[in-house]
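Any value given below was found using the heavy atoms of this structure, including those in side chains, with hydrogens, waters and symmetry copies removed.
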Amino acid sequence: MRRAVLILLGLLLGCDSRKMVVITPLGLTDAGVFPTNPSGHYHMENLDRGLVAVSVPDGVYLGWRMFGDEYLDPPTRIAYAVYRDGAPLVTVSDSTNFLDRQGSPDVQYQVAAIIDGETQPLSPVVTAWPQNYLRIPLQIPPPGVTPATCQTPNESYFYSANDASVGDLDGDGRYEIVLKWDPSNSRDNAYGGCAGNVLLDAYTLDGQQLWRIDLGPNIRAGAHYTQHLVYDFDGDGMAEVVAKTAPGTIDGTGTDLQTGPAAGDDQSVDYRNPAGYILTGPEYLTVFEGATGAELATMDFQPARGAVLDWGDSYGNRVDNFLSTAAFVRDQNDGTASGRPSIIMGRGLHERTAISAWNWRDGALTLLWIADSNAGTAYVGQGAFSWAVADVDNDGVQEIITGSSTINGDGTRRCSTDMGFGIGLDVGDLVPSRPGVEVFVPHKNDPMAYDVHDPNTCEVIVRAPAGSGATRGVADDIYDGNDGAEMWTNNSGSLLSATTGKDVGSLPSSDNFLIWWDADESRELEDQTSITKYGGGTLLSCSDCDSNNSPRATPVLSADLLGDWREEIIWREKDNSALRVYTTTDVTTRRIYTLMHDPQYRMQVSSEQAGFNQPPHPGFHIGHNMQAPPKPDIFVRR
């Protein structure tokens, strides 16, 4: 495995215990594994420039990343030199994009930062895409048939590309995509029936399939079951993949799980009952190597199943509601704020709620803490179908917002609004006139359809009048006629101010996803396979694509994956033969460092695939009349 090769090279070349030799496309470079005195607190990914070029009617559009750790004061200290066919073309000082009106598809482009007058290394060479999306071919899994022991015997099923997450799996500075394949007979927890196996694939942006993990028959398929995490949890420059596993899971090398409790368990047993629920048998948490999909470590999954009835029903719905996220929580040894993120796994959303935090460090998977409503360290009935993390008190530790409640980074209870279960969740700087971030929760049940609250104290800022519960809702700044963010639900009747709750406009055409797409700072609406402007028309639509997780109709993923700070959208083609990664080609003069170097946004991207998918939000406000973003408290290992 690659880690073993790197360690061996380090020993052969005489590196000390804090150093390693990293293989890069340019050869061997000496780089610290994890600095003891980093320049910032949060450990973020070492990304490349993310330069993207797209052929447009009037030339070639170019977009690239500003790194979070090169965001300087004053801004005039940094500019970017654009090169065409190896020769300087232009220096850009007010943005991170450019339209080359003399560009053509056969031209090669590079970008280099100019910091305090000194030109930095050039980015890798790119040429223009012929259209505004990158097509990534997929290897469609073969169809299957359910076993004869099920209530739905001999049922045929096929696979569709479903939710995805991203990470730099091989340390080259580019994101890879870890995609979940969903069988056509996947089931919500409330319904019985056997499902096909859940599969995880890794793909490069060039379309190479790196590996396939088969989670096996003892991991049920459905939106509430498999919540895979992708991030560099140990700080070695290469992301790991983490997922709930069970006997029968096959790793990316085609091998049964063989470490920890899996070493002594029978990996051939099918624990499904006739209704398709898995209510007995071992449950694991496994860390896989990102580059190969190989099992690195397996532990017993926590929170443990225990008695099914403890979670709220006897047939297996509530016990198998899972969520996950990466988060920068407290270190297990001295209680300090950790610079590396931890693995956060959760079980139970409605009645009992339990959350576990794990570290992957130095080849060991260790349990940090468990917050459990049964033990008085989490709240009963205050969850949601999704999570978000944020540093709610600005102490360098992120808290977990479960919906109506906040859990501290050490696994203790912080606060709750006691307003009950949430159908969705948005956590960001929704009210810029207040310090910190705010939480918007559309509630599933009476008496409140939504609320906006402070996650630090759980003080309610705005709440809906009594009425029927919402089934979907979202919040961010989509309208320039109101200060701060707006919010709405499927039954709110109009667009509402997140600051005051007052009516500020007509109800948007959708209440699903959001995306920063065009040239201004307001966010756009994303629904099904189109992007629209509030009060305007359609900006992008793909008739050859399809959405996921009906009836919510969410994308495979939306995040700042390439180019400048604005977001890309990933949709699957209708026949599942490929993913399409769409990028904007609108030239903007707003310059913001890549949102993936904002610790809150990056952690929320890690949990976007979990439960009922929600769009990610940074820890600062983006919208009309926005202030300059704060310099992120980060370091990047280079």
Side-chain angles (χ1 to χ4, degrees), residues 149-151 186-195 197-198 215-229 242-249 257 259-287 297-325 343-358 365-381 383 385 387 400 402 407 411 421 610-611:
T149 54
C150 293
Q151 286 179 350
S186 66
R187 299 294 204 278
D188 184 271
N189 303 50
Y191 302 97
C194 289
N197 293 7
V198 178
L215 294 179
N218 296 308
I219 297 294
R220 203 168 187 233
H224 296 298
Y225 293 97
T226 294
Q227 325 294 2
H228 65 285
L229 294 177
V242 182
K244 183 176 183 286
T245 58
T249 294
L257 300 182
T259 69
D265 289 336
D266 186 345
Q267 299 296 308
S268 66
V269 178
D270 187 338
Y271 289 95
R272 288 177 289 188
N273 66 21
Y277 293 101
I278 301 106
L279 305 180
T280 61
E283 300 179 291
Y284 312 134
L285 182 68
T286 299
V287 178
T298 295
M299 297 284 286
D300 287 318
F301 185 86
Q302 298 289 343
R305 181 192 294 122
V308 172
L309 190 60
D310 286 351
W311 300 90
D313 62 58
S314 60
Y315 69 96
N317 181 352
R318 301 292 197 241
V319 67
D320 275 356
N321 276 268
F322 299 99
L323 289 173
S324 69
T325 188
I343 300 158
I344 312 296
M345 306 299 293
R347 180 177 223 140
L349 312 179
H350 297 83
E351 289 84 4
R352 180 182 176 187
T353 298
I355 303 167
S356 63
W358 305 75
L365 179 62
T366 56
L367 180 65
L368 296 182
W369 48 257
I370 296 178
D372 192 335
S373 58
N374 272 14
T377 49
Y379 295 91
V380 176
F385 283 132
W387 281 349
I400 297 99
T402 66
I407 303 300
F421 191 79

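Going from atom CE of Met299 over to atom CG of Leu365 covers 5.5 Å, rounded to the nearest 0.5 Å. The CG atom of Asp188 lies 4.5 Å from the NE2 atom of His224; values are rounded to the nearest 0.5 Å. Atom OG1 of Thr226 sits about 5.0 Å away from atom CG of Leu215, to the nearest 0.5 Å. The line from CD of Gln151 to CG of Asn273 is 7.5 Å long, rounded to the nearest 0.5 Å.
Residues passing the salt bridge (charged side-chain N to carboxylate O under 4.0 Å, His left out) test with Arg347 are Glu283, Asp320, sequence neighbours excluded.
Of the possible donor and acceptor atoms, none in the side chain of Arg220 sits under 3.5 Å from a partner among the backbone N and O of Arg272.
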Report the C-alpha separation of Tyr315 and Val308 in whole Å, then their side-chain angles, then the decisive distance to 0.1 Å, and conclude whether the side chain to side chain contact (heavy atoms under 4.5 Å, CB included) test is met.
-> CA-CA 8 Å; Tyr315 69 96; Val308 172; over 6 Å; no
Would you please test Ile278 and Arg305 for side chain to side chain contact (heavy atoms under 4.5 Å, CB included) and show each step?
-> CA-CA 10 Å; Ile278 301 106; Arg305 181 192 294 122; 4.1 Å; yes
Please assess Ile407 against Tyr379 for the test side chain to side chain contact (heavy atoms under 4.5 Å, CB included), listing each intermediate value before the final yes or no.
-> CA-CA 9 Å; Ile407 303 300; Tyr379 295 91; 4.1 Å; yes
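Across all their heavy atoms, Trp387 and Ile344 have their closest contact at CZ3-CG2, 3.8 Å.
Note: Phe322 and Tyr225 have tilted aromatic rings, judged against thresholds of 30 and 60 degrees for the angle between ring planes. By the 30° and 60° cut-offs, the orientation of the rings of Phe421 relative to His350 is parallel.
For residues 260-269, the pairs satisfying side chain to side chain donor-acceptor pair (under 3.5 Å) are Asp265-Tyr284, Asp266-Ser268, Gln267-Tyr284, with sequence neighbours left out.
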